[in-house]
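A short write-up of the structure that comes next.
Residues: numbered from 1 along the sequence shown.
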Amino acid sequence: MLSSPSKAAMARNIQNEMMDDLPDYYMPKEAGGKLGIVGNLITREARELIDFNAEIREVLDQFFIDRATWGLSAWEAVCGIPSNEDKPLEQRRSVIKSKIRGAGTVTLAVIKEVADSFENGEIQVQENFNHYEVVITFIGKRGVPPNLPDMQNALREIVPAHLQLVFQFTYLRWEELDSADLTWEKLDALDMSWDELEVWKPGAKRS
């Protein structure tokens, strides 16, 4: 992904372009090397243009769910979602995306797509016909995701009422811990609480 130029770099570019467009007799600097009247005007106008361009980009960002911030309330209004500005932006974006992806005929693929809109890593979706269940297993991330209620509500809206939603979570297994070949001293040196140990993946970097 191409990164946007810094504000300072863009200011220099615009300022240089403005100076290049001036006739030679409009010298941006005086003989002593200090900025003259024209140079000062160009510097100030360049700053105004940079701020103006930044505001334009910020407005355009609101048209894209993954980049929207203050515009998320408009997306929520369109999707019929109660707005909660105290909720983290990523969780609000996930709810909006799940609402949009859930439109149309409900299949296992649609259910997975809606569930994938939440930041919970890789998941697996299976239908248990004998028990009228849709089983969703969290594989990518261990433990209970923080925005599970949002996912439950989003899926409950699209899954037929006669099907029960079952959520399964993964945790550290004893055989994984044994295979890590850690002594009690090494395990203690990791300085993890029991809750952190339950969702730990041996070999994975801790955030």
**Message:** Can you tell me how far apart CG (Asn53) and CD (Glu58) are? Round to the nearest 0.5 Å.
**Reply:** 13.0 Å

**Request:** Give a yes or no answer on whether the side chain of Arg44 reaches the backbone of Arg47 with a donor-acceptor pair at less than 3.5 Å.
**Result:** no

**Asked** Judged by atom type as modelled, is there a donor-acceptor pair below 3.5 Å linking the side chain of Ser98 to the main-chain atoms of Ser117?
**Response** no

**Asked** If you group Ile, Leu, Val, Met, Phe, Trp and Tyr by side-chain heavy-atom gaps below 4.5 Å, do Phe167 and Leu108 land in one group?
**Response** yes

**Complete:** So CD1 of Ile136 and NZ of Lys112: to nearest 0.5 Å the spacing works out to 10.5 Å

**Any donor-acceptor pair under 3.5 Å from Arg93 side chain to Ala68 backbone** = yes

**Request:** Might you work through the side-chain contact (heavy atoms from CB on, under 4.5 Å) test for Leu155 and Val114, ending with a clear yes or no?
**Result:** CA-CA 7 Å; Leu155 292 176; Val114 170; 3.7 Å; yes

**Asked** In terms of hydrophobic clusters joined by side-chain contacts under 4.5 Å, are Val78 and Ile81 together?
**Response** no

**Prompt:** If you group Ile, Leu, Val, Met, Phe, Trp and Tyr by side-chain heavy-atom gaps below 4.5 Å, do Ile123 and Val159 land in one group?
**Reply:** yes

**Item:** Any donor-acceptor N or O pair under 3.5 Å, side chains Gln62, Trp75
**Value:** no

**Prompt:** Just how far is it from atom CE of Met151 to atom CD of Gln91, taken to the nearest 0.5 Å?
**Reply:** 11.0 Å

**Request:** Let me see the working for Arg92 and Asp150 under salt bridge (Lys or Arg N to Asp or Glu O under 4.0 Å), right down to the final yes or no.
**Result:** CA-CA 9 Å; Arg92 293 174 66 190; Asp150 289 333; over 6 Å; no

**Complete:** In this structure, CD1 of Ile96 is separated from CG of Asp66 (nearest 0.5 Å) by 10.0 Å

**Request:** Output, in order, the C-alpha distance, side-chain angles, deciding distance and verdict of side-chain contact (heavy atoms from CB on, under 4.5 Å) for Asn128 and His131.
**Result:** CA-CA 6 Å; Asn128 189 342; His131 295 88; 3.3 Å; yes

**Prompt:** Is there a path from Val166 to Val134 through hydrophobic residues (I, L, V, M, F, W, Y) whose side chains come within less than 4.5 Å of each other?
**Reply:** no

**Residue pair Phe169 / Gly143: nearest heavy atoms and the distance that separates them** = CD2-O, 3.5 Å

**Message:** Could you walk me through whether Glu76 and Lys99 satisfy the salt bridge (Lys or Arg N to Asp or Glu O under 4.0 Å) test, starting with their C-alpha distance in whole Å, then the side-chain angles of each, then the deciding distance to 0.1 Å, before giving a yes or no?
**Reply:** CA-CA 9 Å; Glu76 290 166 336; Lys99 194 78 171 181; over 6 Å; no

**Complete:** One should read off an interatomic distance between Glu127 CD and Leu163 CG, to the nearest 0.5 angstrom, of 5.5 Å

**Message:** Using a strict threshold of under 4.0 Å (side-chain N to carboxylate O), is an ion pair present between Glu122 and Lys141?
**Reply:** no

**Request:** Give the cluster check for Val144 versus Val95: same hydrophobic cluster or not, with ILVMFWY residues linked at side-chain heavy-atom distances below 4.5 Å.
**Result:** yes

**CZ (Arg67) with more than 12 external heavy atoms under 6.0 Å** = yes

**Request:** Indicate the atoms forming the closest heavy-atom contact of Leu72 with Ile65, along with that distance.
**Result:** CD2-O, 4.1 Å

**Request:** Step by step, work out the side-chain contact (heavy atoms from CB on, under 4.5 Å) result for Phe138 and Leu148.
**Result:** CA-CA 11 Å; Phe138 295 87; Leu148 179 63; 4.1 Å; yes

**Basic-acidic side-chain contact under 4.0 Å: Asp116, Lys97** = no

**Asked** Taking the six-membered ring for Trp, are Tyr132 and His162 parallel (under 30°), tilted (30 to 60°) or perpendicular (over 60°)?
**Response** perpendicular

**Message:** To the nearest 0.5 Å, what is the distance between CD on Glu133 and CG on Leu165?
**Reply:** 9.5 Å

**Asked** Any sub-3.5 Å donor-acceptor pair from Arg142's side-chain atoms to Thr170's backbone N or O?
**Response** no

